[in-house]
Amino acid sequence: MEIHRFELNRDLARLENHLRACYDESHRMTSWLPQRLNDLLFRIDPQHSCRPDFIPSRDYIFICEENNNIRACILPDNDAIYVSIRRGFDYLFPEILTYAQTHCRALFHPDKNGQILFLVVTHDSLTARTAELARRGYVKQAEQDYDNFILPMKFSGEITLPPGFHLVYGESIPNEYAKSAACNLGFHPENEDCSHYQVNMYGYRGRKDATMYSDSFECLVTASDGDICSYSFCYVDKLSSTAFIEPVSTRQKYRRMGIGSAMMAGIALRCRDLGIEKCYVNSYDWRRKFYNAAGFTTEDSIGFWTRPLP
């Protein structure tokens, strides 16, 4: 078995196919979807590229293959790592975890003693992996993520908005700066009153290089004066018949009005028109209730396992 560093031009299509194959084995997102890989490479990396401490995620993607067939991969998830393994090759997890502990250290910031808190993210349903992590002294944190999904073909919800608000899709709003700003303000409401607020457009524009961008779309809610209240982007992969929704953002002054739920309904309806079988979104804390209320079903939970490493 050979483990080597990911190279974009050589490995992107192969790694996407690996992730699709992992999904097709169970039709559950116990692995990353290829859309999430695209989001990492073409939105998140460019978004953070202007930071002085920027570490390119692609430098810490590792592929494990045998006879030119990808069996597993290591995927960086901000300050964490995730391992995607094909069915029948779970026995590789201990070896890959050891490799990650050695070669992915740069993703983690050491404390004053040079020690790092190594973080591994894995689905709770993958019990062989969680048992190995516990055996090695990893401790599961109290917080957790959830994979939530909706079946667009069976979606029968209606789009209900307060008077004066409208659901629109991105092609009807050509102003990319306004859309990106609305998305960022949803995550950073403290910037609403900052006259000097500037939007970093690298991530917004970099996303256009994603391999599945052409079938993907934006869904938004606007007010009567044209102000963008809520923003979302949906990566569509017709080969796996899945959609991955990221990011989802509602500006603070427009919350608790049903706007976000209406936007999620708009995504489901458009995915149904595209013939998509499942829409996925990751959620945590109060967001789980929001997505469930919007018609999404919790499929699996994701644990965060940590261990100090010298």
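R135 has a carboxylate O that lies under 4.0 Å from a charged side-chain N of E132, or vice versa, which qualifies the two as a salt bridge. A salt bridge between D273 and R270 is absent, with no side-chain N of the basic residue lying under 4.0 Å from a carboxylate O of the acidic one. The existence of a salt bridge linking R20 and D237 is confirmed by a sub-4.0 Å separation between a basic side-chain nitrogen and an acidic carboxylate oxygen.
Remark: side-chain polar atoms of K140 are not paired, donor with acceptor, to backbone N or O of T130 under 3.5 angstrom. Here the side chain of Q35 pairs a donor or acceptor atom with the backbone of T242 at under 3.5 angstrom. Side chain of E25 to main chain of R87: a donor-acceptor pair is present (N/O by atom type, distance under 3.5 Å, no hydrogens or angles). Of the possible polar contacts, none joining the K238 side chain to the I276 backbone as a donor-acceptor pair under 3.5 Å is found. In terms of modelled atom types and a separation under 3.5 Å, the side chain of D225 and the main chain of D227 share a donor-acceptor contact. For the pair S31 (side chain) and S84 (backbone), a donor-acceptor distance under 3.5 Å is absent. Side-chain atoms of R255 come within 3.5 Å of backbone N or O of G186 as a donor-acceptor pair.
Ring-plane geometry between W32 and Y82 is classed as parallel, the angle between the planes falling under 30 degrees on a 0 to 90 degree scale with a further cut at 60. Taking the six-membered ring for Trp and thresholds of 30 and 60 degrees, F233 and Y213 have nearly parallel ring planes, at less than 30 degrees apart.
For R207 and Y204, the positive end sits near the middle of the six-membered ring, less than 6.0 Å away and at most 45° from its axis.
Each of R86, R14, R71 was scored for a salt bridge (charged side-chain N to carboxylate O under 4.0 Å, His left out) with E65, with one residue passing: R14.
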Applying ring-ring contact (aromatic ring centres under 6.0 Å, His included) to F62 and F6, what does each step give before you reach the verdict?
CA-CA 5 Å; F62 293 94; F6 169 84; over 10 Å; no
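Between F296 and F149, the distance separating the two ring centers is not shorter than 6.0 angstrom.
Atom-to-atom distance recorded for D39:CG and R43:CZ is 4.0 Å, nearest 0.5 angstrom.
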